[in-house]
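Starting from 1, each residue takes its place in the sequence as its number.
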Amino acid sequence: EFQFISNRFDATMGRSSGVQVKAITRSGTNNFSGLFRGNFRDDRFNAEDPVVNLVLPMNNQQLSTAVGGPLIQDRLHFFGNFEYERAPKTSVWRTPFPAFNVTLSGKETIKMGGGRLDYQLTPNNRIMGKWHEGRRFDPFGAANANHPAATGFSDEASREVLGQVTQVLASNIVNEIKV
């Protein structure tokens, strides 16, 4: 189930000046399941860049895993995920004056992960807690076309925690408390 909201946000949506998409997923299952995925790219398969006349280095690695299942049958379920991306990064500036030619190299990394627990207290009462965090490091940003000295690094981190109590009071009345 999902909801696309394009205007008139209420207080539960937080601060946003654009579009919000809410996704509601099913809670736990009594079967263990998981996945692992990897994507890899290498510069051995690339052609020479016609501007700088060399093959630009590339060796991207993306890994992702997720697992979920029951801790207590029909009562307590968990879900966890982790994603990692490493991308060596190179920027090459070439001028008519070889003494001023500059090449910057570094590794951009992205790490994200999270977890969730769902506990069914009674058929009408449920507690849920989830956590997510991510970190992105970029050794140098996109500089202007004039000089590599205009670059700068960035190191960004985020952490989110949510707790929720849901009570089904009647077939058409649900009470939710979110923190």
Side-chain angles (χ1 to χ4, degrees), residues 2-6 9 12-25 28 32-69 71 77-95 97-118 128-164 178-179:
F2 73 95
Q3 182 180 17
F4 181 87
I5 307 166
S6 60
F9 304 121
T12 63
M13 297 295 135
R15 295 174 281 156
S16 178
S17 60
V19 170
Q20 292 234 350
V21 177
K22 288 174 53 176
I24 300 171
T25 59
F32 283 100
S33 65
L35 66 90
F36 178 79
R37 176 186 62 90
N39 296 334
F40 305 94
R41 291 174 52 193
D42 196 288
D43 57 19
R44 288 180 288 178
F45 304 106
N46 289 357
E48 185 177 278
D49 185 304
V51 176
V52 295
N53 297 318
L54 57 95
V55 175
L56 296 176
M58 177 181 290
N59 187 6
N60 289 22
Q61 299 169 355
Q62 295 175 320
L63 304 171
S64 174
T65 187
V67 65
L71 294 173
H77 298 89
F78 78 97
F79 174 81
N81 71 302
F82 180 74
E83 296 180 36
Y84 172 77
E85 180 175 354
R86 181 184 72 88
K89 189 174 182 179
T90 301
S91 247
V92 180
W93 280 269
R94 294 290 183 248
T95 69
F97 310 101
F100 294 106
N101 291 348
V102 175
T103 300
L104 296 177
S105 293
K107 291 183 179 137
E108 179 180 10
T109 58
I110 300 171
K111 298 175 185 176
M112 296 184 292
R116 175 177 169 151
L117 286 174
D118 285 282
M128 182 272 292
K130 70 178 183 176
W131 146 86
H132 180 270
E133 71 178 83
R135 184 172 198 116
R136 179 179 179 265
F137 176 76
D138 191 351
F140 53 88
N144 62 26
N146 297 327
H147 198 273
T151 67
F153 79 94
S154 69
D155 192 2
E156 305 165 10
S158 69
R159 181 173 293 138
E160 302 160 6
V161 177
L162 172 68
Q164 179 176 315
K178 295 180 183 181
V179 176

[Y] and [X], any side-chain heavy atoms less than 4.5 Å apart:
X: Pro139; Y: Lys107; answer: no
X: Lys130; Y: Met128; answer: yes
X: Asp118; Y: Phe79; answer: no
X: Glu85; Y: Asn39; answer: no
X: Val55; Y: Phe45; answer: no
X: Glu160; Y: Leu162; answer: no

Counting heavy atoms not belonging to [X], are there more than 12 under 6.0 Å from its [atom1]?
X: Phe40; atom1: CZ; answer: yes
X: Arg86; atom1: CZ; answer: yes
X: Arg44; atom1: CZ; answer: no

> Are any side-chain N or O atoms of Thr65 and backbone N or O atoms of Leu35, one a donor and one an acceptor, separated by less than 3.5 Å?
Replying inline: yes

Shortest non-hydrogen contact between [X] and [Y], atoms and distance:
X: Asn59; Y: Pro88; result: O-CD, 3.1 Å
X: Arg136; Y: Asp138; result: NH2-OD2, 3.4 Å
X: Phe78; Y: Leu117; result: CB-CD2, 3.7 Å

Kindly compute the distance separating [atom1] ([X]) from [atom2] ([Y]), expressed to the nearest 0.5 Å.
X: Gln61; Y: Thr109; atom1: CD; atom2: OG1; value: 12.0 Å
X: Ser64; Y: Phe36; atom1: OG; atom2: CZ; value: 8.5 Å
X: Glu108; Y: Phe153; atom1: CD; atom2: CZ; value: 14.0 Å

>> Evaluate Leu63 against Phe82 for side chain to side chain contact (heavy atoms under 4.5 Å, CB included), listing each step before the verdict.
In response: CA-CA 8 Å; Leu63 304 171; Phe82 180 74; over 6 Å; no

>> Exactly one of His132, Glu133, Arg135 should register a side-chain contact (heavy atoms from CB on, under 4.5 Å) with Met112. Which one does?
In response: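 The passing option is His132.
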
